[in-house]
There are 2 protein chains.
Amino acid sequence: MSADQTKERILDAAERLFAEQGFDATSLRAVTAEAGTNLAAVNYHFGSKSALLPAVVARILVPVCQRQLELLDEIEARDLPPTLEELLEAFTSPITDLFEQGRRGPVLARMFARIMGDPGDEMQRMTMSEVGDAEERYEAAFARLLPEIPPAELWWRFRSIGPVVVSRQIGLQASPDVGGPPTPAEADAVALRAWTMTFLAAAMRAPATVQAPAAVTSAVLANA
Amino acid sequence: MSADQTKERILDAAERLFAEQGFDATSLRAVTAEAGTNLAAVNYHFGSKSALLPAVVARILVPVCQRQLELLDEIEARDLPPTLEELLEAFTSPITDLFEQGRRGPVLARMFARIMGDPGDEMQRMTMSEVGDAEERYEAAFARLLPEIPPAELWWRFRSIGPVVVSRQIGLQASPDVGGPPTPAEADAVALRAWTMTFLAAAMRAPATVQAPAAVTSAVLANA
DNA sequence: GTCTATAACGGGATAGAC
DNA sequence: GTCTATCCCGTTATAGAC
C-alpha cells in the first residue's frame, strides 16, 4: 500500500473515532485497527498521537473555510452590497453542508463542540490558524453591513453564529428520550436551516444595546 | 476527618480538575492528591471513576436549576405576564452567576461546553434529569409569551439560549492572541450581559419563518 | 515504508490491615 | 471510614527485521 493511502486511511479512522469517542478516549490501537495498519505507522507518519489531532482538524476545517471564502468572493464581486441573509448564508452553509455529509457529518458537529470547550489554548490556537482568514473577512463584511452596531458588541454577535449552528446540529442528533427535537430529524434538517437563518438574522440586526458599555463605566469610575 | 468532609473534598478536587483538563485526562490519583486522600476513598464513596462524574455534575447543576425555578415562581406569582426580557433574564442569570463565581466559575463554562458536545446519551441523559424540570417550565413560559411562533420553531430557539450564553462565557476567557475579545475581560463582563440580552431577545422575538416546514413538505411529497 | 515484538509507563480497581 | 500495597490491564513509543 502506498504511503499516501496509509496516511489517508489513518486520518479517516482517527477522524471518525476522535469525533465519536473523543481524543483521550480513543487509543491508537483502535485507530490503526480501523485503518488496517499498525501502531508504528502512526508514529512514522505523524510522530505521535498528539500530532495526529491537528492533522485531523486541519483536514476538516480547511475545505470549509475555502468554501466560505469562495462564497464571500462571489458576493463581493457584485456591485450591490449583500443582504444580511446572504452573508449569513454564505458563512453558515459550508458548515451546515459539512455536518450533513452522510454519516461523516453528524459526528463532526460534536467534535467541533468539544474543540470549543477544550481547555488550553493549544487547540484553539490550532483552530484559529486555519479559520482566522475567513473569520476576519466575514467580520469586516458584517461590520460594513451593520455600521450602527459598535464594533465590540458586533464582535460578540458574530462569535455567536458558530455556536448556534453547531449546537443545533448536535440537537438534531439527540434522541427524543434525552430531550431531542419534537419532530423527525430528517424533516427538521430542511426546516432547521430556515429557522436558524431567521434566528440569527434577527439577532444580528437587533438595534445596538443602549446601556453605556462597561469600558466607559469603569473609565468613569476610575476618574471619580 | 468525617465522611462528609472527605466526600466534599473529593468533589471539589474532581470538579476543578475535570473542568480544567477534561474527564478522561484526569486521573483519580490527581483527584485524590488534591483532595488530600487516597485512591481507595474514591471507590469507597462513589464506587468508580465513572460514577464520580454524575456526582460532580449534579452538584453544579442542581442549585442553578433551583434558582431558575425560584425566579420563575416569582415572575408567575404576579398578575401581569412577564416581558420577554424578564423571562430571559430569569433563565440566564443563574447560569451567568455561576460562571462569574471567582475562580470556580470560569472553568465550569468549559465543562458545560464539553458536556454539550459529549458523545453517547449517558452524559446528556444525566444532565437532562437534573435540568428537565426547569427546562420544561421555561419552555412553556416562552410559548405563552410568543404564541405566534410554531412550537417546533420555538423549540429550537429556546435550545439556542444555553449555547449562546455558554459560548460567550468561554469567549470571555480566550486570550487576545488566540482570538479573544477586543476589550479587557473585566470591562466586558458587565456589558456582555446586556449585549447578550439584546441578542437573544431579538432572536426569540423574530417573526415566525414563513417557509413551509419540512414536515409538511415531505408529507406532500409522500402523497405525490 | 511497513510490520512484529517489546519496552516503559501510568491507569483504575481491590484486598486487607488498622 | 481510612489507608497502604499490589494486581492487572491498556497505553504510547520504539528498536529492529523485512
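Residue numbers start from 1 in every chain, and the chains themselves are labelled A, B, ... in the order their sequence lines are given, proteins ahead of strands.
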| query | When you measure from the centre of the six-membered ring of F23(A), is the NZ or CZ of K49(A) under 6.0 Å away and within 45° of the axis? | reply |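 Relative to the ring axis of F23(A), which defines the angle, K49(A) lies inside both limits.
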| Are D97(A) and R193(A) close enough for a salt bridge, meaning some N to O gap below 4.0 Å? |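 Salt bridge: yes.
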| query | Can we say D73(A) and R137(A) salt-bridge, meaning some charged N sits less than 4.0 Å from an Asp/Glu carboxylate O? | reply |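 Yes.
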| query | Do the rings of F142(B) and F158(B) sit parallel, tilted or perpendicular, given the 30° and 60° boundaries? | reply |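 Tilted.
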| What string of B, S and - do you get for nucleotides 11-16 of chain D 5' to 3' if you count protein non-hydrogen atoms under 4.0 Å? | BBBB--
| Identified side-chain contact (heavy atoms from CB on, under 4.5 Å) partner of E130(B) from the options V62(B), I60(B), V57(B) |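 Going through V62(B), I60(B), V57(B) one by one, the side-chain contact (heavy atoms from CB on, under 4.5 Å) with E130(B) is satisfied by V62(B) alone.
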| request: Answer whether the closest heavy-atom distance between the side chains of F99(A) and V166(A) falls below 4.5 Å. | output: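 Yes, side chains in contact.
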[X] [atom1] to [N] [atom2]: how many Å, rounded?
{"X": "Y44(B)", "N": "dG1(D)", "atom1": "OH", "atom2": "C1'", "value": "5 Å"}
{"X": "Q5(B)", "N": "dG1(D)", "atom1": "CD", "atom2": "P", "value": "13 Å"}
{"X": "F46(A)", "N": "dT2(C)", "atom1": "CZ", "atom2": "P", "value": "11 Å"}

| Is the shortest side-chain N/O distance from T6(B) to OP1 or OP2 of dT2(D) below 4.0 Å? |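 Yes.
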